[in-house]
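We use all heavy atoms of the structure for the numbers below, so side chains are in, but hydrogens, waters and symmetry mates are not.
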Amino acid sequence: PEVVGVQRFLEMANELRYTDNPDGGKYQAYSEDQVNNWVKNNATNPNQYPITDWQDLILEKSATRQSHSIHLSGGSKVVKTKASLAYDEVGGLYGDRYFQRYTLRVNNDFNITQKLSATLDFNVKRTKHHMPQFTPFGMMRYMPAIYAGVWDDGRIAEGKSGANPYGLMKLGGTTEKWYTALGGKASIDFKPFDGFKISAIVAPRFNYDKFKTFKKAASYTLADDPNTIGGYLDNSGLYNTTKLSETRNDSYNVTTQLIANYAKKFAGKHDINLMAGYENYYEYIEELGADRDGYVLTNFPYLNNGPKDLIGNSGKGKEYAYRSYFGRVMYSYADRYLFQANIRHDGSSRFAKKHRWGTFPSFSAGWIATAEKFMENQKIVDYLKLRASWGRVGNDLSGARFMYMPSVWSQNGSYSFGINNPNSSEAYGEGTLGNTDVTWETADKQNYGLDVNFSSDRLSLNFDYFFEHRTGIL
């Protein structure tokens with residue numbers, strides 16, 4: 001967005017003060033000389049009368065982007081393989097910022113026999129984000145132009161009492177984030193007779209994330225003395241020490257499925273499709289964090305190089321699992337009368353055993369009226385379909401993994417055993433109480449609709465009436 005000029009900003013600042021306190025006069029924030037001569041004085045004394053275009057100082061005019069990829073495919077009647085390798089890189093519009101990504105995909109299809117086939121796929125992705133530790137966008141938009149981002153010789157300036165988005169971006173350190181993901185899928189399809197297929201699928205995924213933030217002490221020197229530190233830059237907290245924070249997240253999940261499908265058309269008019277399946281999902285996540293503060297060596301971002309008396313660490317793990325049994329029946333008569341029924345029986349690790357399972361059915365029906373004989377000779381409506389559905393869905397996503405269990409917190413040195421015992425021991429206390437009766441949030445949904453096409457399908461009308469009722473909201 002466009003910003004007002006320096007003189008208008010000074011006038012507006014005075015107008016604001018005058019509105020709050022008319023008795024104080026019209027030049028409460030800035031003197032009449034400053035308002036009228038700031039721009040002129042900038043030409044001879046830019047340090048005392050700065051005019052800073054923060055967006056122009058911080059933002060680049062453009063950013064580079066490059067993509068490279070190699071694709072290979074080949075095979076025989078039995079095996080077919082497709083593989084691709086790609087590299088992407090995107091530059092940043094501010095500071096030392098860039099994004100890199102490597103991607104490898106390999107898909108294999110196996111025709112073992114006429115009735116038996118299989119697939120084996122895997123993919124690897126490695127991503128890196130490199131950026132300044134401080135993101136300047138917010139402060140850049142509201143910082144007035146009357147504060148210096150740099151002194152006239154190019155050194156980092158004070159800004160507004162240490163608030164200098166350009167200086168924080170340049171001197172405040174860096175953040176690097178690495179994401180490594182390895183995924184795969186193996187499946188077997190068996191077709192013992194026409195229309196019937198059994199599929200077995202296993203799909204694991206492994207993730208390893210590494211984050212490193214090296215927040216550096218960022219000082220500025222005086223305008224008239226490059227050898228004297230005037231203070232430290234500030235963003236709701238002084239950048240007066242150098243601190244390294246590292247995080248490691250290690251996770252994996254595995255999805256397994258067993259699905260049977262049967263599709264058949266009888267007597268030319270009866271279409272039936274049956275499906276039954278089982279799915280199991282398990283996820284485990286472990287997180288580890290460590291930090292040290294007060295670094296003297298600011299060019300070596302490793303934990304061992306930091307002081308041993310200013311350290312921190314953290315770690316936690318979590319897991320989640322669900323299991324589902326599901327089925328579906330689809331029937332169509334002469335592509336005119338349509339019916340579908342579904343059912344799921346789901347179990348979630350988020351709930352206690354006695355409330356872990358939920359059953360969720362759904363039904364839908366449709367009638368294509370224009371397929372009836374009595375509609376054949378009319379020329380007003382090209383297509384007319386009436387439809388209705390009812391279904392119940394469940395939700396177990398509440399934010400808490402184990403709502404039925406109490407949370408536990410610890411506090412070091414909080415309890416002493418015995419009488420006159422100067423030594424305290426670590427104690428644990430119960431935080432949030434668990435709710436063993438919590439269970440699935442359910443939503444009953446109804447939908448009634450009408451689809452009509454006119455004028456050789458050039459005009460269409462769709463009407464829906466939808467109703468939803470939720471219970472047990474988590």
Side-chain angles (χ1 to χ4, degrees), residues 1-3 50-70 84-104 124-145 147-151 153-160 162-181 207-220 232-249 289 291 295 298-302:
E2 295 292 330
V3 296
I51 300 178
T52 303
D53 186 336
W54 290 102
Q55 295 188 28
D56 184 68
L57 181 65
I58 292 172
L59 297 180
E60 304 289 342
K61 301 300 182 183
S62 62
T64 61
R65 177 171 183 170
Q66 55 178 307
S67 298
H68 310 275
S69 61
I70 300 174
S84 65
L85 177 64
Y87 172 74
D88 299 281
E89 181 176 313
V90 181
L93 286 173
Y94 65 88
D96 182 19
R97 182 182 178 95
Y98 60 86
F99 166 86
Q100 295 175 328
R101 180 177 60 201
Y102 297 88
T103 306
L104 173 66
V124 181
K125 182 170 67 174
R126 172 73 166 177
T127 303
K128 178 182 179 181
H129 297 258
H130 180 92
M131 66 201 79
Q133 188 275 332
F134 174 78
T135 301
F137 277 118
M139 191 184 295
M140 174 189 73
R141 287 194 290 266
Y142 63 73
M143 182 61 63
Y147 299 105
V150 293
W151 301 129
D153 58 1
R155 290 178 291 117
I156 298 298
E158 178 183 3
K160 182 182 179 181
N164 181 345
Y166 178 75
L168 288 167
M169 179 191 73
K170 298 291 287 186
L171 303 180
T174 59
T175 293
E176 290 189 314
K177 300 180 179 181
W178 293 267
Y179 300 89
T180 303
N207 298 285
Y208 179 72
D209 304 332
K210 183 176 100 171
F211 307 146
K212 177 178 285 193
T213 295
F214 202 34
K215 176 185 173 183
K216 293 186 177 182
S219 61
Y220 62 89
Y232 290 90
L233 300 182
D234 184 15
N235 176 41
S236 300
L238 286 177
Y239 278 59
N240 58 350
T241 64
T242 297
K243 180 179 180 179
L244 174 65
S245 302
E246 297 200 33
T247 304
R248 304 287 190 272
N249 298 333
D291 62 77
Y295 277 70
T298 59
N299 293 323
F300 298 92
Y302 303 101

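- Partners of Thr213 by side chain to side chain donor-acceptor pair (under 3.5 Å), not counting sequence neighbours, listed by chain and number: Thr175.
- Asp234 and Met139 make their closest contact through O-CE, 4.3 Å (heavy atoms, listed as atom of the first residue, atom of the second, distance).
- For the side chain to side chain donor-acceptor pair (under 3.5 Å) test, no residue two or more places apart in sequence or in another chain qualifies with Tyr179.
- The NZ atom of Lys125 lies 10.5 Å from the OG1 atom of Thr180; values are rounded to the nearest 0.5 Å.
- Note that the OG1 atom of Thr174 and the NE2 atom of His130 stand 5.0 Å from one another [nearest 0.5 Å].
- By the salt bridge (charged side-chain N to carboxylate O under 4.0 Å, His left out) test, Lys212 pairs with Glu246, sequence neighbours left out.
- A pairwise comparison of heavy atoms in Gly92 and Ala63 identifies O-CB, 3.8 Å as the closest pair.
- For the residue pair Leu57 and Gly149, the shortest heavy atom distance occurs at CD2-CA, 4.2 Å.
- With a 4.5 Å cut-off on side-chain heavy atoms, Met143 and Thr52 do not count as touching.
- A donor-acceptor pair shorter than 3.5 Å can be found between the side chains of Lys128 and Tyr98.
- Side-chain contact between Thr241 and Tyr232 is absent, with no heavy-atom pair separated by less than 4.5 Å.
- Within the 4.5 Å cutoff, side-chain heavy atoms of Lys216 are placed close to those of Asn299.
- In this structure, the ring of Tyr94 has its center less than 6.0 angstrom from the ring center of Phe137.
- The line from CH2 of Trp178 to CG of Asp209 is 12.0 Å long, rounded to the nearest 0.5 Å.
- Shortest non-hydrogen contact noted between Trp151 and Ile156 is NE1-O, 3.6 Å.
- Atom CG in Asp291 sits 8.0 Å away from atom CG in Leu244 (nearest 0.5 Å).
- Listed by first and then second residue, the salt bridge (charged side-chain N to carboxylate O under 4.0 Å, His left out) pairs involving residues 57-66 are Asp56-Lys61 (not counting sequence neighbours).
- Leu233 contributes atom CG, which lies 7.5 Å from atom OG of Ser219 (distance to the nearest 0.5 angstrom).
- Side-chain atoms of Tyr295 do not come within 3.5 Å of backbone N or O of Ala217 as any donor-acceptor pair.
- Closest approach of Gly95 to Pro132, counting heavy atoms only: CA-CG, 4.2 Å.
- In terms of the ring-ring contact (aromatic ring centres under 6.0 Å, His included) criterion, residue partners of Tyr87 (sequence neighbours excluded) are, by chain and number, Tyr102.
- Between Tyr166 and Met140 the shortest side-chain heavy-atom distance does not fall below 4.5 Å.
- Pairs engaging residues 85-104 under the salt bridge (charged side-chain N to carboxylate O under 4.0 Å, His left out) rule: Asp88-Arg101 [sequence neighbours left out].
- Remark: Lys215 NZ is packed, more than 12 non-hydrogen atoms of other residues, nucleotides or ligands lying under 6.0 Å away.
- Annotation: side chain of Asn164 is in contact with side chain of Trp54 (closest heavy-atom distance under 4.5 Å).
- Taking 4.5 Å as the limit, some side-chain heavy atom of Pro165 sits within range of a side-chain heavy atom of Phe134.
- Two residues are said to be in side-chain contact when any heavy atoms from C-beta on lie closer than 4.5 Å; Tyr239 and Gln133 meet this criterion.
- Counting only heavy atoms from C-beta outward, the side chains of Tyr220 and Leu171 never approach each other to under 4.5 Å.
- Closest non-hydrogen pair, Ala148 versus Ala157, comes out as O-CB, 3.3 Å.
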